[in-house]
Amino acid sequence: MVRKRRRISRFPLASGPVAARRPELAGQPRCAVELTEIRTRGQDWWTLGFETTGPADLLRSELQATAALVFARALPGGVEPGPDQSRSYAEWLSPRPGAESHA
């Protein structure tokens, strides 16, 4: 059995401080952050994704500002992402050496 739970927050693109924005303001320039919890085979996994839309010259700075805000706060469930626990999506899907196959 697989369980999946998604949380999405949208942050405005603005020259001022970055703050969460209500979903009904969609369509305006923004950075969306998605935190997804996946439980499979008795293990919990988390994905974290950022998607920025708006003027090309603002994308990098707004993405960096949003990421700084997100990583400055505690994530739900006590999740603490770090390089030792992080994988690309392709790595996560690939079987690890010595891992049991359930095909």
Side-chain angles (χ1 to χ4, degrees):
M1 183 169 111
V2 176
R3 184 187 76 210
K4 180 179 178 180
R5 182 173 153 191
R6 295 173 54 202
R7 296 176 179 132
I8 300 173
S9 297
R10 290 171 181 82
F11 298 83
L13 293 181
S15 57
V18 175
R21 172 172 273 180
R22 293 188 309 255
E24 67 267 13
L25 298 175
Q28 296 181 5
R30 67 184 186 279
C31 183
V33 180
E34 179 180 306
L35 178 67
T36 303
E37 175 188 8
I38 302 166
R39 180 151 183 89
T40 183
R41 297 184 185 146
Q43 291 185 311
D44 290 319
W45 299 88
W46 294 83
T47 65
L48 182 63
F50 294 83
E51 180 181 10
T52 305
T53 59
D57 60 329
L58 296 178
L59 296 181
R60 179 180 292 273
S61 63
E62 296 298 337
L63 177 61
Q64 289 171 333
T66 302
L69 177 67
V70 167
F71 287 112
R73 296 181 177 192
L75 295 175
V79 174
E80 293 185 31
D84 293 337
Q85 298 83 24
S86 298
R87 294 187 185 105
S88 71
Y89 190 63
E91 289 174 318
W92 182 74
L93 289 173
S94 299
R96 290 172 299 288
E100 206 178 302
S101 175
H102 294 284

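Heads up: numbering here begins at 1 and tracks the sequence.
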Flag yes if more than 12 heavy atoms outside Arg5 fall under 6.0 Å of its CZ atom; otherwise flag no.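 Atom CZ in Arg5 is not packed in, count stays at 12 or less.
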Open item on the list: For the CD atom on Gln64, are there more than 12 heavy atoms of other groups (residues, nucleotides or ligands in this structure) within a distance under 6.0 Å?
Closed with: yes
When every non-hydrogen atom of Ala67 is compared with those of Phe50, the smallest separation belongs to CA-CE2, 3.8 Å
For Leu59 and Thr53 the tightest heavy-atom approach is CD2-C, 3.8 Å
For Thr66 and Val33, what are the C-alpha separation, side-chain angles and deciding distance, and is it a side chain to side chain contact (heavy atoms under 4.5 Å, CB included)?
CA-CA 8 Å; Thr66 302; Val33 180; 3.6 Å; yes
Q. For Glu37, which of Arg6, Lys4, Arg3 qualifies under salt bridge (Lys or Arg N to Asp or Glu O under 4.0 Å)?
A.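 It is Arg3; the other options fail the test.
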In Å, rounded to the nearest 0.5 Å, how long is the span from [atom1] of [X] to [atom2] of [Y]?
{"X": "Phe11", "Y": "Thr52", "atom1": "CZ", "atom2": "OG1", "value": "11.0 Å"}
{"X": "Thr47", "Y": "Leu35", "atom1": "OG1", "atom2": "CG", "value": "7.0 Å"}
{"X": "Arg30", "Y": "Glu51", "atom1": "CZ", "atom2": "CD", "value": "7.0 Å"}

